[in-house]
Every structure is written in C-alpha cells, then in structure tokens.
Trainee: 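Below is the structure I would like to discuss, written out as structure tokens.
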Amino acid sequence: MTEKAHFETLAIQATEPKDDGTGAVANAIHPSTTFRREADGSFASGFIYSRKHNPNRQLLESAMAQIEGGSRAFAFASGMAAINTVLQSLQSGDHVIVPDDAYYELRRTMGELFINWGLSHDQVDMTDLAAVKAALRPNTRLVWIESPSNPLLKVTDIQAVADLAHGHDALCVVDNTWCTPLLQRPLELGADAVMYSTTKYFGGHSDSLSGALVVGANTPEDFVARLANIQNLSGAVPSAFDSWLITRGIKTLKLRLEQQVRNAQQLATFLAAHPAVKQVHFPDLPSHPQHALAQRQMPAGCGAMLSVQLGQGQTEALALISRMHCFTPATSLGGVESLVEHRRSVEGPASTTPADLIRISVGIEHIDDLIADWQQALG
Ligand SMILES: *Cc1c(COP(=O)(O)O)cnc(C)c1O
C-alpha cells in the first residue's frame with residue numbers, strides 16, 4: 001500500500017483480486033464455509049472456517065483499513081453488530097457516554113441489552129464540551145461520538161472529545177457512517193476506532209446489510225485484541241456475498257458521494273430559502289450552529305443527509321411525504337436513490353425527535369428533479 005495514493009486510486013487498487021491464476025479482473029465470490037486441510041494438519045491457504053476468515057471478508061477488511069488510513073478493520077453482519085462488539089468489549093461496572101442525539105438503536109441497545117451486561121450510560125449534548133467533561137466519571141471507559149448526529153445533524157468536535165476521553169483513560173469511538181473516510185477522518189483526530197454501517201454509503205445501493213470497525217496505529221492493542229476475539233466468538237460476520245458487494249461499492253464510493261454531497265448542498269440551500277420550511281438542519285449552511293467546526297472537521301463537505309422542520313405537526317409532515325415522487329418514503333440512507341423519512345413515527349412513543357421533522361437522504365438523481373419535487377410537495 002502506498003500511503004500517499006489518492007483515494008480514487010487506492011479504492012481501486014485495494015479492492016483488486018489477489019492473483020488466483022485465472023487472470024480475473026473482477027473478484028470471485030467464495031461461499032465456502034470450510035477450507036481443505038493439508039496432510040500435516042496445516043492450512044496452506046491460511047483459511048480454516050468462514051466465521052474466522054473468508055477470502056471475500058479478508059479483502060474487504062484490508063481495503064477498509066487502507067482507505068481509512070487505519071491498521072486493521074473488522075467487518076460485521078450489520079452496523080448494529082459492530083456497535084454491539086464495541087460495547088461487548090467493556091466490562092460490567094463500566095460507564096459509557098453517548099450523544100443525546102444519535103442513531104436510535106444505539107440508545108436502545110444501551111438501555112435494553114447492555115444494562116444486563118452491567119454497563120451504565122449517560123446521554124450528553126456533545127456540542128457542549130463542558131457537559132462532556134462533567135459527565136466523565138472515574139469508571140467511564142467509552143465515549144461514543146456520532147457526528148453529524150441523527151437526526152438533528154449536531155456536530156461534535158471529535159479531537160476535543162477524544163482528548164477529554166483519553167484524559168480519563170476512556171476510549172473514544174466515532175460512528176462515521178454519515179461521512180465515510182472521504183469526508184471525515186476520526187482516526188487522525190484521535191479516535192480509537194471508527195464504526196460504520198456499511199449498509200449505507202459503502203454499499204450505496206440499498207442491497208447489503210453490513211458494518212465495520214476500523215482501528216489505527218495508536219489504538220490500544222488490548223482493545224483491538226478484544227474486538228478480534230468478539231468478532232469470532234459472537235459470529236456476527238458478513239456473508240461472502242455481502243463482503244463482495246461492499247468491496248465493489250468501495251470502487252465507486254467517491255463518485256457517488258460527491259454527487260450526493262453536491263445535490264444535498266443545493267437542496268439545503270433551496271429549502272432554507274423556502275417560506276414553508278421553518279428550519280433546515282445541515283452543517284454546510286452558514287446558519288448551522290456548528291458551521292465553522294463542521295467546515296474544519298469535514299473540509300470536503302458535510303455529507304448528504306439533512307433534516308427539515310416544517311413548523312406544523314406529524315399529520316402535515318406525513319401528508320407532504322405522500323405528495324413526493326422522486327423521494328421514496330423509507331428508512332435507511334446512503335443509497336443512490338433519494339429517501340425521505342418521518343423519524344418520529346418510526347422511532348415510536350419514546351422518540352425525542354420533533355413531530356414536524358422530515359429526514360432526507362439525498363441520492364444521485366439530477367438536482368433539478370429533486371428540487372422540483374420538493375417545490376411541488378411544499379405547494
Ligand atoms: C444505519 C445506521 C446504524 C446501524 O447500522 P445497521 O447496518 O442498520 O445495523 C448505525 N449508525 C448510523 C449512523 C446509521 O445510519
């Protein structure tokens with residue numbers, strides 16, 4: 001690997017097939033769960049059993065580590081499996097700080113599953129560094145960052161929070177799903193690990209459920225060893241086919257995401273100026289409360305996710321969504337097709353998301369068509 005290679009080149013080279021004697025330019029898929037053992041009991045290929053290693057997963061993990069500038073990556077069957085692996089690496093009695101605005105099921109797994117593991121947690125507004133500092137306890141072992149956050153697009157100063165965590169002997173892990181290494185590089189800002197739902201931008205076509213963790217040269221070795229062990233023992237690994245799909249997705253990630261970011265910037269500007277829209281949450285807009293930090297931390301753009309508040313209720317928000325043609329009403333994000341979602345009705349009664357909020361995942365369609373759709377739906 002050449003560390004100085006441009007992202008586009010690295011994304012192609014890191015995902016190329018290993019020489020298997022066929023000359024194939026595209027990767028083969030290896031569904032085999034088990035691998036031949038030699039007469040002396042050894043495994044010449046290095047592969048034993050696909051929960052431990054699989055050729056497709058190994059290529060994906062190596063490519064993910066390279067494009068992140070990390071030292072090692074672990075692929076999982078979903079983003080949630082990656083999140084759960086980090087939490088399982090902690091011990092009973094440990095305390096975790098999570099953002100007050102974050103992926104809904106992160107908060108659910110903390111409150112419903114890891115409470116039984118003996119983990120306690122606090123939800124903190126991470127745009128307020130004093131609040132993070134005040135929430136740190138002697139037993140705090142993990143500070144979880146999601147930036148920009150879901151669904152309010154709050155931006156956290158990753159370097160400052162990682163420094164606070166390390167000052168308390170706690171790990172700092174960043175959910176970078178909405179950015180990818182193209183837009184935000186948490187390992188360079190001091191994070192110990194980067195987490196992805198590769199279901200989203202890496203896959204990019206809404207057809208593969210998967211996740212990943214990437215660690216760097218400065219990540220504590222005992223933490224890395226625990227992640228590797230849990231990946232194998234918990235067994236929530238991606239299939240060969242899913243690994244193959246995400247590996248293929250990496251090749252076109254930059255092309256897709258750049259178009260999505262451009263579209264999102266133009267759509268956000270249009271929506272911010274529309275009289276029927278009360279508020280647009282998008283860090284690229286100068287009106288965003290952490291705009292300066294966002295520009296520094298995400299110099300190539302703040303992603304292609306935004307949310308709008310219409311200033312009315314749930315009924316009006318759902319009615320507007322039903323008038324849309326270019327935007328499919330569906331959960332998830334990061335695919336080539338634009339999606340809209342009323343988060344509160346998906347999250348259920350415990351949701352803290354405003355009732356008038358609509359979350360938008362911007363795809364790669366022509367921007368004029370996306371804007372025209374919002375224009376007609378807003379009336
Ligand atoms: C989708 C998502 C997850 C969960 O990933 P799955 O692949 O659905 O398990 C976690 N964090 C963020 C920010 C997400 O968007």
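Atoms within each ligand, like the ligands themselves, are counted from 1 in listed order.
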Trainee: Any atom of ligand 1 sitting under 4.0 Å from a heavy atom of L333?
Mentor: yes
Trainee: Quick one: does Q297's side chain have a donor or acceptor within less than 3.5 Å of a partner on I158's backbone?
Mentor: yes
Trainee: E146 to ligand 1: N or O pair under 3.5 Å?
Mentor: no
Trainee: Between D100 and K154, is the closest basic N to carboxylate O distance under 4.0 Å?
Mentor: yes
Trainee: Are Q58 and S62 linked by a side-chain donor-acceptor pair shorter than 3.5 Å?
Mentor: no
Trainee: Look only at interatomic distance and state if D175 has a nitrogen or oxygen under 3.5 Å from any nitrogen or oxygen of ligand 1.
Mentor: yes
Trainee: For ligand 1, which atoms, with element, lie under 4.0 Å from some heavy atom of M80?
Mentor: 5 (O), 6 (P), 9 (O)
Trainee: Are any of the heavy atoms in S210 under 4.0 Å away from ligand 1?
Mentor: yes
Trainee: Using a strict 4.0 Å threshold on nitrogen-to-oxygen distance, state whether E105 and R108 make a salt bridge.
Mentor: yes
Trainee: Atoms of ligand 1 less than 4.0 Å from T199 heavy atoms?
Mentor: 7 (O)
Trainee: What protein heavy atom is closest to atom 8 (O) of ligand 1, reported as residue, atom name and distance in Å?
Mentor: Y103 OH, 3.8 Å
Trainee: For ligand 1, which atoms sit closer than 4.0 Å to a heavy atom of W178?
Mentor: 13 (C), 15 (O)
Trainee: Using a 4.0 Å cut-off to any heavy atom of G79, which atoms of ligand 1 qualify?
Mentor: 5 (O), 6 (P), 7 (O), 9 (O)
Trainee: Can you report which non-hydrogen protein atom sits closest to atom 2 (C) of ligand 1, along with the distance?
Mentor: K200 NZ, 2.5 Å
Trainee: Kindly say whether the aromatic ring centers of Y49 and F35 come within a distance under 6.0 Å.
Mentor: no
Trainee: Using 4.0 Å as the upper bound for N to carboxylate O, is an ion pair formed by R296 and D157?
Mentor: yes
Trainee: Using only heavy-atom distances, determine whether the side chains of D122 and H95 contain a donor-acceptor pair under 3.5 Å.
Mentor: yes
